[in-house]
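The structure under discussion appears below in the form of structure tokens.
In what follows, residues are counted from 1 in the order of the sequence shown.
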Amino acid sequence: MRFKMQTYYRVEFLPPVMAFVSSIAQALGATDKEIFQIRMAAEEAGMHIIGRYPGSGLEERFEVLCEPQDGGLLVTFNNLGLPINLLAMPKYEITDPDQNIDGLGLFLMEKMVDHHEFINQGREGWKTVLFKRFERLKLPEHRPEGSSDELTASREKLQVMKATAEHVPDIVELAYRSYGYSYSKELFYFADLLRAALEEDSIESFVALNPAGRVVGQVAVISSPFGRDVVEIGAVMVRPEYRRSTGLLQLIRAVASSVRTGVDAPMIAESNLVTTHTLSQRVSGLFKFKPMALKISVHGRARFVSIQENTAAQREPLLHVVSLGVPSLELTLFIPPEHDAFTRHLFENAGIALKTPCAANPEPADTLCDADIHAEYEYATLFIRRPGHDYAELLRQRLYELETDGIKTVFVRFPGWQPIPETLKNTARQLRLFFCGWVMETPTHWWMLYTRLNAQRFNFEAIQIHDPKAVELRDYVQKQFQEIRS
């Protein structure tokens, strides 16, 4: 447990520091005397830091940390003031108070706490540490997992329906209760944007309501910008205490029925499933999703509230899956020879028949390439709209620029509906690009997905996969990754 604040090197901003430290002490069960003592010590420490800052005090800020520790409160001041000569610290003598009045503040600070020290951090400045032991430290209790609230919620009867504008505030709150503020689809944090999307039918939301009428679960059907032939199933959100509720199966079935038998049922549904855990992958079995690609290291991991995870986990991989809404589908696809067998295996498993196109070489035209860059997530996608004679040099330049700009993950998409450059295999290896599967744009247009990872390690064994075919895909992609590194 840690509490932190920052303030400027000015005396007028010292009272908030004193209030901050004393408030934390009070919340942790300190007596009035102990609160007074730690407050006075914090005041003297702050005065010492402010007095040793050479500027106006507004150029930078110093940091104050409070942590309960060893039966008391540890208060740490991190600052960038003048260096301290520990051998020449002014010492205050009670017997001769006028001789070393400069040392009075440090003398009081020392007397008010059980331990104090000044630590030289080199280029990080200096650290002033205070520790005050409390007679009775009171720490807040953790709510145990599997509480009575969870048991009660799992037995409640849920009502499933299509969301309307009146449900939007609850859905926004549900996004927070499910993911905190870590969910990548930011639309679900903005009530006005979500309300507009529902009204425009670009998003169709299905919700589960508890007996009190509150939204406790949601699944969204998101229309493709290329038309209603393709939809994405996503934005699965469930309040933590309802994750064991059998009523959520009704919600999943309602969405699956709409996608498969609705008036405007799409030809294909797709989804991008998290691999932090296998819950959403198991639930997706009702949609009969089939794995088609593994999107490696897309962004920082979403935080699932009340689901324990490895805090040092790597960036989030997503499993790209599809499900046919029509009895059969036939597709003409240009496939790199080295990935022909596995590609046919993926599409056959998805129920899609592949036709072999007539042999053709790329036109000797200039390459057309678009970039979709998400600097906040440190990933980008390069769309090779038309691979021309200069595609390799263009890719090399764009990949260099993105790496220089701090982009950690670059996806490169080649159009599977156009002839493939004969040099693609060697070019991909030279540019550290590895094949990761196929991603759909429309039922007849599919992209070959290649990936490049910059300045990061990646452990494929940490990817949690439920479906055996998806395990095959993960192992195949891992093999491609290892080959470009050898």
Side-chain angles (χ1 to χ4, degrees), residues 1-7 13-43 45-46 61-78 109 112-117 127-156 170 172-183 189 210 212 214-216 237-245 276-277 279 300-313:
M1 183 180 294
R2 172 180 288 192
F3 307 89
K4 179 171 68 174
M5 73 165 291
Q6 291 182 330
T7 191
F13 298 128
L14 188 55
V17 174
M18 298 155 59
F20 169 68
V21 174
S22 57
S23 296
I24 298 299
Q26 183 179 31
L28 295 174
T31 65
D32 290 344
K33 180 180 178 181
E34 291 165 345
I35 293 172
F36 171 78
Q37 290 173 333
I38 193 66
R39 179 186 177 95
M40 178 174 285
E43 179 182 11
R61 292 178 292 179
F62 67 93
E63 180 182 75
V64 186
L65 295 173
C66 289
E67 300 175 82
Q69 192 176 106
D70 299 330
L73 181 62
L74 184 71
V75 183
T76 304
F77 296 77
N78 293 306
M109 182 185 77
M112 294 295 111
V113 295
D114 296 286
H115 173 74
H116 79 284
E117 63 179 320
K127 180 185 292 186
T128 301
V129 179
L130 309 176
F131 176 73
K132 178 67 180 178
R133 187 170 286 105
F134 296 159
E135 181 179 328
R136 182 175 298 174
L137 179 67
K138 182 181 69 176
L139 294 174
E141 296 181 0
H142 289 279
R143 172 181 283 185
E145 295 289 335
S147 64
S148 58
D149 287 348
E150 182 178 330
L151 181 61
T152 301
S154 67
R155 295 174 176 173
E156 290 180 350
D170 270 9
V172 172
E173 181 179 327
L174 182 63
Y176 171 78
R177 289 186 178 276
S178 300
Y179 301 100
Y181 285 116
S182 67
Y183 190 48
Y189 292 118
N210 67 6
R214 298 300 303 273
V215 175
V216 298
M237 304 171 187
V238 182
R239 286 182 65 134
E241 64 269 29
Y242 285 87
R243 285 179 181 147
R244 296 180 182 274
S245 173
T276 303
H277 56 79
L279 177 61
R301 299 173 88 94
R303 180 177 66 86
F304 298 91
V305 177
S306 296
I307 294 182
Q308 188 172 3
E309 303 170 29
N310 179 3
T311 56

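- A pairwise comparison of heavy atoms in Tyr242 and Glu156 identifies OH-OE1, 2.5 Å as the closest pair.
- Within the 4.5 Å cutoff, no side-chain heavy atoms of Phe20 are placed close to those of Thr7.
- Remark: side-chain polar atoms of Ser178 are not paired, donor with acceptor, to backbone N or O of Ala175 under 3.5 angstrom.
- Closest approach of Leu130 and Ala45 over heavy atoms only: CD1-CB, 4.2 Å.
- Annotation: the span from Ser23 atom OG to Arg39 atom CZ amounts to 8.0 Å, rounded to 0.5 Å.
- Among Glu34, Gln37, His116, the single residue meeting the side chain to side chain donor-acceptor pair (under 3.5 Å) criterion with Lys132 is Gln37.
- Asn210 CG to Glu241 CD: the interatomic distance, rounded to the nearest 0.5 Å, is 9.0 Å.
- In this structure the side chain of Leu139 reaches within 4.5 angstrom of the side chain of Leu28, judged on heavy atoms.
- Here the closest non-hydrogen pair linking Met1 and Pro140 is CE-CG, 3.3 Å.
- Dense packing is recorded around CD of Glu67, with more than 12 heavy atoms of other residues, nucleotides or ligands lying under 6.0 Å away.
- Of all non-hydrogen atoms in Phe62 and Asn78, the two that sit nearest each other are CB-O, 3.3 Å.
- How far CE of Met18 is from CD1 of Ile38: 12.0 Å, rounded to the nearest 0.5 Å.
- Among all heavy-atom pairs drawn from Tyr179 and Tyr189, the shortest one is CB-OH, 4.1 Å.
- Between the CZ atom in Phe134 and the CG atom in Asp114 there is a gap of 9.5 Å [rounded to 0.5 Å].
- To the nearest 0.5 Å, the span separating CD1 on Ile24 from CG on Leu65 amounts to 11.0 Å.
- In the displayed structure, Glu135 atom CD is contacted under 6.0 Å by at most 12 heavy atoms of other residues, nucleotides or ligands.
- Put simply, CE on Met237 and CD on Glu173 are 12.5 Å apart, with the number rounded to the nearest 0.5 Å.
- Across all non-hydrogen atoms, the minimal contact from Met109 to Ala41 is CG-O, 3.8 Å.
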